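Only one structure is covered here, and it is reproduced in the block below.
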Amino acid sequence: MDKRDIPFDQFVGHFRSVLSENRRIAPLTGPNSPDIFLRYEHLEEDVNALGIDGLWTRFSSLSAKGALRPKRGADPATVFAAHPDTADLIEQEAADEIARFGYARPVATPDPVPPNRTSAAISGHPPSGSGAAPGPRPDFIFTLSAGRTGTAWLARFLGENLNIPSVHEPFGLDDYGTRLPSIGHMRRFNTYGMNGPICDFWEGKLGELQAPYAESNHTLGKCGLIESLVEHGLAPRSTIVVLRRDLAKQIASYINRNDFFNITVPWQWYLHPTYPNKIVDPTPLKHLGDVGTAIWYALEMEARYAYYKALYGDQLHFVETTLEEATTPNGAAKLLRALGHTRHAKLPPKTNASPQNNHITDTLIAEVETLLSRINFNAKEAAKGFIQRGNRLDVPALPRQDATVGKVAAE
């Protein structure tokens with residue numbers, strides 16, 4: 001990495017000994033030669049030929065150098081065409097390896113066509129029939145969700161059914177600011193977008209991931225998760241579960257817990273209407289105080305689901321479900337199929353539920369439903385207007401224009 005400014009031919013000339021390094025580590029012949037060689041360019045074929053069940057799955061999940069590889073650069077054929085003398089030198093130094101494995105000087109080939117990643121909906125447009133073909137099986141599963149929507153339950157569901165590492169929210173002493181966004185990260189992203197500290201956070205977090213892996217931490221989706229998966233090239237290997245909950249119950253949960261009473265809670269876990277970068281205008285809800293803030297947050301998240309699907313639906317696999325549906329046998333089976341699995345679904349018990357007085361809770365939910373019925377809001381139109389006005393969540397906000405799209409009309 002510290003030699004990246006040296007032209008390729010000079011690099012090879014200065015560090016010619018690197019060309020014989022493999023020969024010293026793994027000689028082709030003699031008492032120290034390996035019994036089996038795995039060719040990098042035919043790694044899947046060679047690993048599977050060993051006949052060890054599950055080994056290729058583990059091999060293909062490794063991404064130890066993922067954070068170190070350059071984001072862009074010429075392919076080998078282009079590099080060698082520009083430096084033919086260097087290609088000759090490599091052919092001389094690596095003549096034995098080239099002969100042993102039948103290598104030839106790289107020739108330019110067309111770029112492969114990326115897989116078509118389309119949105120799959122669990123709610124509203126599920127796969128038809130109980131025998132519907134499973135969707136693509138991802139290496140990484142993340143959640144795009146508001147808080148209090150069942151993300152803790154989802155983490156356990158994914159872990160028990162897929163038998164993979166599945167994390168809800170990493171709470172280790174050293175996790176804040178490294179594996180879990182800090183208050184500073186949350187505030188910066190929703191003010192400045194993908195600035196330096198945010199990019200550094202994602203470089204570190206994504207660089208340490210090893211597939212298969214699932215994480216349902218809902219703060220990630222409000223702090224640059226989608227943008228970072230695309231930027232780091234993990235989008236084709238990832239599935240985003242858009243997890244919703246009945247809006248009235250979701251909002252009632254915030255109110256019942258006083259989640260928007262102390263500013264540090266929305267700064268760390270939710271969103272706050274004072275952020276410059278937001279899709280939904282909170283002004284019509286301000287007179288409702290903390291209740292209005294809770295409603296605004298729920299609607300803002302609905303708009304962000306639509307925003308990310310509109311911008312990245314052709315690059316990421318989005319799967320939609322609700323807590324109410326996913327916790328039923330049929331809904332759980334649909335969710336597993338969308339994640340590439342056809343096994344029988346195991347339903348873990350409810351997780352992280354708040355102790356509530358049923359009478360008070362039912363009354364509160366009914367009052368929230370009444371408020372929501374008086375609000376004229378369309379999440380897709382709000383996201384569309386935000387995008388058409390030239391706004392993006394990963395860059396600083398433009399001055400808000402006097403536009404009706406994205407506003408909440410409340411009686």
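Predicted model, so just to flag it, every value in this text is computed and none were measured.
In this structure, R392 does not pair ionically with D394, as no charged nitrogen and carboxylate oxygen lie closer than 4.0 Å. Under 4.0 Å is where a charged nitrogen must lie from a carboxylate oxygen, and between K309 and E320 at least one such pair does. Using a cutoff of 4.0 Å between basic side-chain nitrogens and carboxylate oxygens, E325 and K334 are scored as salt-bridged. At a threshold of 4.0 Å, the pair E215-K205 counts as salt-bridged, since one of the basic side-chain nitrogens sits closer than that to a carboxylate oxygen.
The line from CD1 of I141 to CG of L339 is 4.5 Å long, rounded to the nearest 0.5 Å.
Counting all heavy atoms, side chain and backbone alike, Q315 lies closest to V230 at OE1-CG1, 3.2 Å. Nearest heavy-atom pair, T264 versus I183, reported as atom, atom and distance to 0.1 Å: O-CD1, 4.2 Å. Of all the heavy atoms in K278 and R304, the pair that sits closest is CA-NH2, 4.2 Å. Closest of all the heavy-atom pairs between A146 and M301 is CB-CG, 3.8 Å.
Shown are L220, L234, L206, I198; of these, the side-chain contact (heavy atoms from CB on, under 4.5 Å) with S228 is made only by L206. For the side-chain contact (heavy atoms from CB on, under 4.5 Å) with S216, the qualifying choice from L158, T151, V241 is T151, the only one to do so. Under the side-chain hydrogen bond (donor to acceptor under 3.5 Å, both in side chains) test applied with Y103, the options E97, E41, R39 reduce to a single match, E41.
Put simply, the side chain of N161 gets close to the backbone of K346: a donor and an acceptor are under 3.5 Å apart. The backbone N or O of T149 sits nowhere less than 3.5 Å from a side-chain atom of R245 that would complete a donor-acceptor pair. Between the side chain of N378 and the main chain of E381, a donor-acceptor pair closer than 3.5 Å is present. No side-chain donor-acceptor contact under 3.5 Å links H341 to the backbone of R343. Judged by distance alone, the side chain of E302 and the main-chain N or O of A379 form no donor-acceptor pair under 3.5 Å. Remark: side-chain polar atoms of W267 are not paired, donor with acceptor, to backbone N or O of M186 under 3.5 angstrom. Remark: the backbone N or O of S182 is paired with a side-chain donor or acceptor of H185 at under 3.5 angstrom. D246 places a side-chain N or O within donor-acceptor distance of the main-chain N or O of K249, the cut-off being under 3.5 Å. Between the side chain of Q268 and the backbone N or O of T219 there is no donor-acceptor pair closer than 3.5 Å. With hydrogens and angles ignored, the 3.5 Å screen pairs no side-chain donor or acceptor of D139 with any backbone N or O of R237.
Using cut-offs of 30° and 60° on the angle between ring planes, the pair Y307 and F386 is perpendicular.
Between V395 and M194 the shortest side-chain heavy-atom distance does not fall below 4.5 Å. Between L144 and L243 there is no side-chain heavy-atom pair separated by less than 4.5 Å. For the pair I251/L372, a side-chain contact is recorded, criterion being any heavy-atom separation below 4.5 Å from C-beta on. Considering only heavy atoms from C-beta on, I164 stays 4.5 Å or farther from Y213 through its side chain. L162 has its side chain within reach of L336: a pair of non-hydrogen atoms, C-beta onward, lies under 4.5 Å apart.
With ring centers used as reference points, F37 lies under 6.0 Å from F101. Ring pair Y254/Y270: centre-to-centre distance below 6.0 Å.
Looking at T239 and H317, their side chains do bring a donor and an acceptor atom within 3.5 Å of each other. Checked by atom type, the side-chain pair R24/S20 shows a donor-acceptor distance below 3.5 Å. A side-chain donor-acceptor contact under 3.5 Å links H232 and E203. Using modelled atom types and a 3.5 Å distance limit, the side chains of S253 and R148 yield a donor-acceptor pair. Checking N330 against T328 by side-chain atom types alone, no donor-acceptor pair falls below 3.5 Å. Side-chain contact check for Y297 and K222: at least one donor-acceptor pair (N or O, by modelled atom type) lies under 3.5 Å.
Shown here are the ring pair (Phe, Tyr, Trp, His ring centres under 6.0 Å) partners of F157, two or more places apart in sequence or in another chain: W153.
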